[in-house]
There are 2 protein chains.
Amino acid sequence: MRERAIPEATVARLPLYLRSLVDMTERGMQTISSEGLAEAAGVNSAKVRKDLSYLGSYGTRGVGYDVEYLIYQISRELGLTQDWNCVIVGVGNLGRALANYRGFGERGFRVSALVDIDETKIGKPVDSMVVEDFADLERIVKEREISIGIVATTAAAAQDAADRLVSAGVKSILNFAPTVLQVPDDVSLRKVDLSIELQILSFYEQRKSALETVRRGKRLTASASKSTRP
Amino acid sequence: MRERAIPEATVARLPLYLRSLVDMTERGMQTISSEGLAEAAGVNSAKVRKDLSYLGSYGTRGVGYDVEYLIYQISRELGLTQDWNCVIVGVGNLGRALANYRGFGERGFRVSALVDIDETKIGKPVDSMVVEDFADLERIVKEREISIGIVATTAAAAQDAADRLVSAGVKSILNFAPTVLQVPDDVSLRKVDLSIELQILSFYEQRKSALETVRRGKRLTASASKSTRP
DNA sequence: ATTTGTGAATCGGTTCACAGCG
DNA sequence: CGCTGTGAACCGATTCACAAAT
């Protein structure tokens, strides 16, 4: 390999490899095979080899990958050799939990500001920080060189939060609010949506229960569903 | 269409459509085109039509989809016509925030138990519940017919939490701990990993900064990276 | 002998484009 | 005429399988 453009699917797995590799150094391992790394990361070894080949030829045939060196290369590729300043917008239950969450400072993400619109929260301390006014977002982003915005507002407030982050120049947003956000093409947006994850689990769980019911011979009334066509 | 096997990618989007549709009824809309639903859900209309076609032919050509009817069909497909009991394992910052999170009871997910190993937490109230002993997990799962386990422990404790959930008969697990969990094939596992999401954003953010630097003519020292090969 | 790196085959999912239907 | 439903074409990602390297 050589030359740019790492597939998105690969980018999404690199942090997983990185975590496994860090665990491995902690257990004193010097080298690791694609097979071993695959097992630790919960993927298969062909995927590991192909993914790593996009970064360069960093393995040694017959031996495997040097753990330390691979950590360095993946970190560099992911931009983790520098720290990133983040702002959490919305200091409710979730915002507070995120602010308190140790171990995402762990990989160079620093929560540099907490903002909210609620006047009763502004000025109050949360985890050795003080909640600031959402109205000051632009200034805060510029002064503290914030590059990542974490949206932890209600669904209703989330689009406004995102718009303000974007106009303050933030180009990376992580959305925890249960709503679809619109952002310009040059802004990266990822979402974490608890209730969607639960609904996906529900789908497969239901399918399992249905299967179980059939297996017990209880016979599902297959289409007692045609009900109320409008 | 007809006959089973809805693609995974489609299953993952159904909750998104459902949410948009619910918003639409609240705004009094009776019917919606694939184009309109696509816009609301942040996807394209071909995808909407193909996805919905896996559920059946629920649209009307020349008109669109009946909002209420589609809500019913998607809910049924996702297994949301019944309630699901959940247990949160690990009552730290995150576990507490999840316990307090209103609006995932909203779609029929009921937090029926909070458990932890920490004796100083057991017996204490959290959001109108009392933290129970992790040791009693099997009994609690059986008694309350819990089908979904939410792992909000530390990385170190997560595999044990998952193992115990599995042996208690739980077949759906949502993992918030920053570690890869091993579960049997018949158990559905989904994960929410804050720090991985941030690392993915970091990758694209870095790429943007690099591009910006080049654009300013500052020329990136392209491979000042071959550094410390081992 | 072992394990990487990678073309080639394959798979799942997306998008196109239009026939079919209201 | 408008919008759905769907084959067909396409595309990105996964897996296979093996030659190359040590």
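Reminder, nothing fancy here: chain letters follow the sequence lines and each chain counts from 1.
The CG atom of L55(B) sits 14 Å away from the C1' atom of dT4(D) (whole-angstrom rounding). Taking atom CG of D66(A) as the reference point, atom P of dT4(C) lies 13 Å away to the nearest angstrom. Between the C1' atom of dC3(D) and the CG atom of D51(B) lies a distance of 17 Å, rounded to the nearest Å. Computed from coordinates, the E8(A) CD to dG13(C) P distance equals 16 Å when rounded to whole Å. Atom pair L70(A):CG and dT3(C):P shows a separation of 16 Å (rounding to whole Å applied). Spacing between atom CG of L52(B) and atom C1' of dT6(D) amounts to 13 Å, rounded to whole angstrom units. Atom CZ in R49(A) sits about 15 Å away from atom P in dT2(C), given to the nearest Å.
Side-chain N/O atoms of Y58(B) include none lying less than 4.0 angstrom from OP1 or OP2 on dC3(D). Put simply, K47(A) has a side-chain N or O that comes within less than 4.0 Å of OP1 or OP2 on dT15(D). The side chain of N44(A) contributes an N or O atom lying less than 4.0 Å from OP1 or OP2 of dT15(D).
Non-hydrogen atoms lying under 4.0 Å from DNA chain D are contributed by S33(B), S34(B), all within residues 13-40 of chain B.
Between R19(B) and D193(A) there is a salt bridge, since a side-chain N of the basic residue sits under 4.0 Å from a carboxylate O of the acidic one. The pair D186(A)-K171(A) meets the salt-bridge criterion, since a charged nitrogen lies less than 4.0 angstrom from a carboxylate oxygen.
Once rounded to the nearest 0.5 Å, the distance linking CD1 of I200(A) with CD of E197(A) reads 4.5 Å. Between the CZ atom of R110(A) and the CH2 atom of W84(A) there is a distance of 12.5 Å, given to the nearest 0.5 Å. Here Q73(B) contributes atom CD and L21(B) contributes atom CG; the two are 12.0 Å apart, rounded to the nearest 0.5 Å.
The A46(A) side chain lies nearest to dT15(D) when the options are dT15(D), dG5(D), dT4(C). Of the candidates dT6(D), dG13(C), dA8(C), the closest approach to any side-chain atom of K50(A) belongs to dA8(C).
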Would Y58(A) and Y65(A) satisfy ring-ring contact (aromatic ring centres under 6.0 Å, His included), going step by step from the backbone distance to the final call?
CA-CA 7 Å; Y58(A) 295 147; Y65(A) 301 87; 8.7 Å; no

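Panel note: side chain T60(B), backbone V63(B); no donor-acceptor pair is recorded below 3.5 Å. A distance-only check finds a donor-acceptor pair linking the side chain of N85(B) to the backbone of R144(B) [under 3.5 Å].
A side-chain donor from one of T10(B) and D51(B) sits under 3.5 Å from a side-chain acceptor of the other. For Q206(B) and S202(B), the side-chain atoms include no donor-acceptor pair closer than 3.5 Å.
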Each nucleotide N or O in nucleotides 20-22 of chain D that has a protein N or O under 3.5 Å away: list the pair and distance.
from    : atom 1 : to     : atom 2 : distance (Å)
dA20(D) : N3     : R61(A) : NH1    : 2.7
dA21(D) : O4'    : R61(A) : NE     : 3.4

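Within 6.0 Å of the CD atom in E39(B), the count of heavy atoms belonging to other residues, nucleotides or ligands does not exceed 12. Counted within 6.0 Å of CD on Q82(B), heavy atoms from surrounding residues, nucleotides or ligands total more than 12; the atom is thus considered enclosed.
For the helix from dA1(C)-dT22(D) to dG22(C)-dC1(D), the terminal axes (five pairs an end, C1' atoms, rotation from four pairs onto the next four) enclose an angle of 0°, given to 10 degrees.
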